[in-house]
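All residue numbers refer to positions in the sequence shown, counting from 1. For the numbers below, each heavy atom of this structure counts, side chains included, while hydrogens, waters and symmetry mates do not.
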Amino acid sequence: MPPEQDPEAARPGGAGRSRAGGGATAARTRDALREAILRGEYLPGERLVELQLCERFGASRFTVRAALQDLAAEGLVEVQRNRGAQVRKVSLDEAVEITEVRMVLEGLVAARAAERVTDEQAGELAEIGALMRRAVGAGEFRAYSDLNQRLHALVRAIAGHGTADGIIETLRGQLVRHQFMLSLLPGRPQVSLPQHERIIAAVRARDPEAAEAAMRAHIASVIDALRSMEALGVPS
């Protein structure tokens, strides 16, 4: 069998599933591996052993290799010739650069969200804001972190800017380790909460300029926090 052929497609009856079926399998494997990396199940620098991934995801080596190549293109995985694949390490300097790009894109998205938000979505934003305040007050910082992600995802969904959303999601994936470290910085939730509240207020007020300014100020604060991690010698 030629090396580029998917073994699953060569099984009896496999041709009937066609490329569409194989593509779906590859996409599921890629998405599942991406989520595992984003959840921190595989740490930066950790080797991704093909055989173990095949067993975990019930996929062929061809499918796993395709998934690794896709995630390498997203910047989550690094594939080295004769050394296999590993979760890519992102330095603090690179994390700052990535976040600077996010600042521009997320500012654009916030402005568009302010132009498109419905009354129902405005209510959902207010609800998230209230839950964030409650989480900070109770010291439930893991819950606050989850709400943070939910808020940013909702703003992107309201904006409906597919191109920006795809780029932001890819960049966010590359920063997952640094975002986790940021969540551990003492006092960080108390700093970011009023920033999130300003974003919510501006989007709900349907004020694009204020929404963009609030989002950019928030992301600029993230950049400052990343630089403070470097000054404190926090490992990346």
Steps toward side chain to side chain contact (heavy atoms under 4.5 Å, CB included) verdict (Gln86, Val77) | CA-CA 6 Å; Gln86 65 178 28; Val77 168; over 6 Å; no
Could you walk me through whether Leu151 and Leu125 pass side chain to side chain contact (heavy atoms under 4.5 Å, CB included), step by step?
-> CA-CA 7 Å; Leu151 171 61; Leu125 287 168; 3.6 Å; yes
Taking atom types as modelled, find out whether Ser221 and Arg188 have a side-chain donor-acceptor pair closer than 3.5 angstrom.
->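 Present: a donor and an acceptor within the cut-off.
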Any chance the side chains of Thr118 and Gln121 put a donor and an acceptor closer than 3.5 Å?
->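 Looking only at side-chain atoms, Gln121 and Thr118 do form a donor-acceptor pair, the distance falling under 3.5 Å.
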Out of curiosity, does [Y] fall in the hydrophobic cluster containing [X] (side-chain heavy atoms, cut-off under 4.5 Å, transitive links)?
X	Y	answer
Leu171	Leu154	yes
Ile167	Val90	yes
Val64	Phe57	yes
Val203	Leu108	no
Leu175	Val101	yes

Does CD in Gln80 sit with more than 12 non-hydrogen atoms of other residues, nucleotides or ligands closer than 6.0 Å?
->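 Counting other residues, nucleotides and ligands, CD of Gln80 exceeds 12 neighbours.
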For Arg134, does the CZ atom have more than 12 heavy-atom neighbours from other residues, nucleotides or ligands under 6.0 Å away?
-> no
[atom2] on [Y] to [atom1] on [X], rounded to 0.5 Å:
X	Y	atom1	atom2	answer
Thr25	Arg30	OG1	CZ	12.0 Å
Glu209	Asp207	CD	CG	6.5 Å
Arg61	Leu53	CZ	CG	10.0 Å
Thr170	Asp165	OG1	CG	9.5 Å

From CA spacing to verdict: side chain to side chain contact (heavy atoms under 4.5 Å, CB included), Glu169, Arg156 = CA-CA 10 Å; Glu169 190 63 19; Arg156 295 199 306 271; 3.0 Å; yes
Among Glu197, His196, Gln190, find the residue that satisfies the side-chain contact (heavy atoms from CB on, under 4.5 Å) test when tested with Pro194.
->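 One option only clears the test, and that one is Glu197.
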Salt bridge or not for [X] and [Y], using N-O below 4.0 Å?
X	Y	result
Asp119	Arg206	yes
Arg34	Asp31	yes
Arg56	Glu50	no

With Arg88 as reference, evaluate Glu94, Glu78, Glu46 under the salt bridge (charged side-chain N to carboxylate O under 4.0 Å, His left out) test and give the passing residue.
-> Glu94
Short side-chain to backbone donor-acceptor contact, Thr99 and Ala95, under 3.5 Å =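 Judged by distance alone, yes, a pair lies under 3.5 Å.
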Quick check: do [X] and [Y] have side-chain heavy atoms less than 4.5 Å from each other?
X	Y	value
Arg47	Gln52	no
Leu48	Leu71	no
Val104	Ile219	no

Evaluate the side chain to side chain contact (heavy atoms under 4.5 Å, CB included) criterion for residues Tyr144 and Leu193: first the C-alpha distance (whole Å), next the side-chain angles of each, then the deciding distance (0.1 Å), finally the verdict.
-> CA-CA 9 Å; Tyr144 178 79; Leu193 175 60; 3.9 Å; yes
Should Asp146 and Arg150 be marked as a salt bridge (charged side-chain N to carboxylate O under 4.0 Å, His left out) after you check the CA-CA gap, both sets of side-chain angles, and the distance that decides it?
-> CA-CA 6 Å; Asp146 292 342; Arg150 181 179 163 191; over 6 Å; no
